[in-house]
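The next block holds one structure in the form of structure tokens; read it before the comments.
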Amino acid sequence: MLSRLKAKVGSVLLPGDEFCLDTTGADTISLAGPSKANKVVCGPGLRRSGDRLLVYKSGLLRHKEPNMFWMDAQHKRYVPAKGETVIGIVTSKSGDVFKVDIGGSEQASLSYLAFEGATKRNRPNVQVGDLLFAQLIVANKDMEAELVCVDSAGRANGMGVFGAGGLLFRVSLGLARRLLAPQSDLRAELEQLFPCEMVVGMNGRLWVKSTGVQRTLVLANLLESCENLTPVQRRQLFGKLAQGAL
Amino acid sequence: MKETPLSNCERDFLLKAIQEKKRLDGRQTYDYRKLKIMFGTDFGCCFVELGKTRVMAQVSCELVAPKENRPNEGIMFFNIELSPMASPAFEQGRQSELSVKLNRQLERCLRNSKCIDLESLCVVSGEKVWQIRVDVHMLNHDGNLMDAASITAIASLCHFRRPDVGIQGDEVTVYSPDERDPIPLSIYHMPISVSFAFFQQGTYLLVDPCEREERVMDGLLMIAMNKHREICSIQSSGGIMLLKEQVMRCSKIASVKVSEITKLIMKALENDKTARKAGGKCGFAESMPQERITALKKDETAVEMTDVTERANDIVLNAEVPPQTSQSLLVPLPGMGQVGKDLQNSWGIEEYYQDEEEAFNSDEDKQTMMEVGEKQKVHDVVEISDSEEDEVVILQPEATDRAHKKTSSSSHLKEPAKSKKRHRK
């Protein structure tokens with residue numbers, strides 16, 4: 001099973017492809033020593049169903065030692081997942097909750113009290129159409145998604161209303177994840193270019209703000225095209241920008 | 001499904017950018033987006049791409065009885081369909097306001113201007129005339145549907161061929177395309193509409209607004225003109241008040257644009273004709289550029305950079321095969337920046353992801369580590385919970401050690417998430 005998966009690493013798989021779990025395969029039976037059960041850890045895009053391993057996202061199969069596999073997909077449609085920080089747009093205020101659009105199939109709800117320092121008397125200053133950076137605490141297919149703008153200790157930690165003066169645009173989910181990765185080359189190179197503020201939502205929404213409309217537009221266009229550039233091209237492009245624009 | 005609401009910050013930014021004469025995609029105030037016209041294998045089938053807005057039109061004909069008050073004229077029928085494919089805001093079946101407006105404008109533009117000789121469509125006066133039906137389908141909505149629809153409609157009408165008809169005394173024979181060549185419609189002139197979007201009560205104007213600009217505009221002026229500088233139809237919506245000079249200026253701009261677009265349509269028709277005569281393949285399949293399923297490609301964007309003398313023009317190799325029957329309307333400005341247009345596979349084989357792989361891997365690591373801590377299975381495969389939303393959890397970026405310990409993985413969790421996981425069983 002493990003060997004079969006390994007054989008397919010790096011190839012394109014489509015939803016519906018499956019791997020049969022084979023308990024009598026050569027992987028699991030070893031005559032020499034004690035047989036250890038081979039665990040395969042499924043990441044996003046792979047799911048176990050009965051006695052098979054199903055692929056449900058199209059993409060490349062990736063592998064990390066010793067036994068983790070996942071589907072690397074470049075999707076644009078966001079499916080809410082718990083714990084992700086997203087950028088939402090407030091669509092309505094009703095009663096005690098805001099309705100926020102996060103790009104998923106349904107709108108998410110956000111309570112008035114889920115802000116730092118908010119009490120029943122002290123309501124947060126949020127208008128319809130404002131941008132919010134929030135975290136999903138409930139996100140499954142059976143319930144309405146819920147957001148909070150405060151972390152477990154009650155502090156805002158960067159979340160909340162923002163957005164005056166910048167530009168919001170959409171990128172693919174893969175690019176947003178790349179920007180958020182801890183050692184991100186892309187982010188490091190961007191920092192060299194010009195001073196800017198950037199908020200990355202895992203729902204594929206990006207907000208940038210820089211000194212002046214011109215630079216903000218340049219940044220937005222750069223990020224949108226970074227999806228299709230190889231690292232070499234990107235460095236060239238950034239290099240030219242750094243010389244020419246500043 | 002409702003479309004994404006426009007946030008206040010986007011609206012403010014767009015208005016501010018327009019005040020500084022900057023557009024999102026780097027165009028100038030009077031620039032059109034890249035226009036591509038393609039024809040299909042059937043006569044009368046035309047496909048137009050204006051930037052990302054895509055429209056398709058199909059012309060068909062039928063012999064019917066004429067209208068009573070016009071016994072020797074043919075009938076023209078226009079229909080614009082806004083399919084949900086174009087935008088999540090369009091609903092199937094419902095006649096929305098926009099759809100009524102577009103239909104009405106297209107009718108006024110093409111029918112009232114008498115661009116087609118209807119009397120030539122008469123077969124037997126009072127009994128049989130040709131009814132020409134133009135169906136326009138919106139395939140993608142990225143702003144300025146009206147212009148795209150009018151270009152598509154007139155191009156497909158010019159492309160269309162109707163069956164030849166022979167009359168012997170009382171007998172009328174309709175010849176099939178195999179027996180006799182079908183004949184084109186007689187078109188007097190080609191009216192094309194040009195849209196102007198106005199902002200800040202008429203202070204700023206933009207030609208060919210894209211979808212975001214359309215959402216923040218105050219009003220829209222649509223001028224339909226032909227290349228002989230005759231105005232066929234003019235419509236102002238949104239309730240803005242325009243000065244006489246503004247309208248005159250718009251009509252001058254429109255005449256320039258219309259002549260360019262008319263030239264492009266004629267060229268596309270020419271190309272299609274030569275392709276068909278030469279027996280070569282023609283049609284959509286040929287004119288779509290070859291795209292790999294695993295590659296993402298983007299059209300070039302002109303990004304204005306301050307004080308840039310050399311632009312990023314030669315970085316990306318232009319490897320796209322140009323469509324047979326089309327050509328971009330605007331000559332790219334010298335030194336137009338070109339980003340992202342390449343055949344490079346974004347799935348990459350190893351080289352693309354080499355420097356990102358580590359970062360990405362460590363990201364994915366933490367997600368599944370958390371899942372491992374949850375489930376206990378004696379089987380080969382560690383199952384993650386059925387709900388797919390569970391999988392992706394981004395924890396604080398810390399280095400994790402890869403030993404499989406439930407406790408260590410759960411120690412990385414934030415407090416509420418952890419408690420919630422325990423509750424849900």
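Here is the naming used below: chain letters follow the sequence lines, and residue numbers restart at 1 for every chain.
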Flag yes if more than 12 heavy atoms outside B/Q200 fall under 6.0 Å of its CD atom; otherwise flag no.
-> yes
Interface moiety of A/L131 toward chain B, non-hydrogen atoms closer than 4.5 Å = side chain
Once you round to the nearest 0.5 Å, how far does CZ of A/R205 lie from OG1 of B/T4?
-> 6.0 Å
Any sub-3.5 Å donor-acceptor pair from B/N8's side-chain atoms to A/V128's backbone N or O?
-> yes
Does B/K16 reach the side chain of A/T216, with side-chain heavy atoms less than 4.5 Å apart?
-> no
Select one option (side chain, backbone, both, neither) describing which atoms of A/F169 are under 4.5 Å from chain B's heavy atoms.
-> both
At their closest point, which heavy atom of B/K22 faces which heavy atom of A/V213, and how far apart are they?
-> CD-CG1, 4.2 Å
For the atom pair CZ (B/R212) and CG (A/L167), what is the distance rounded to the nearest 0.5 Å?
-> 5.5 Å
Any idea which heavy atoms bring B/C9 and A/W207 closest together, and the distance?
-> SG-NE1, 3.6 Å
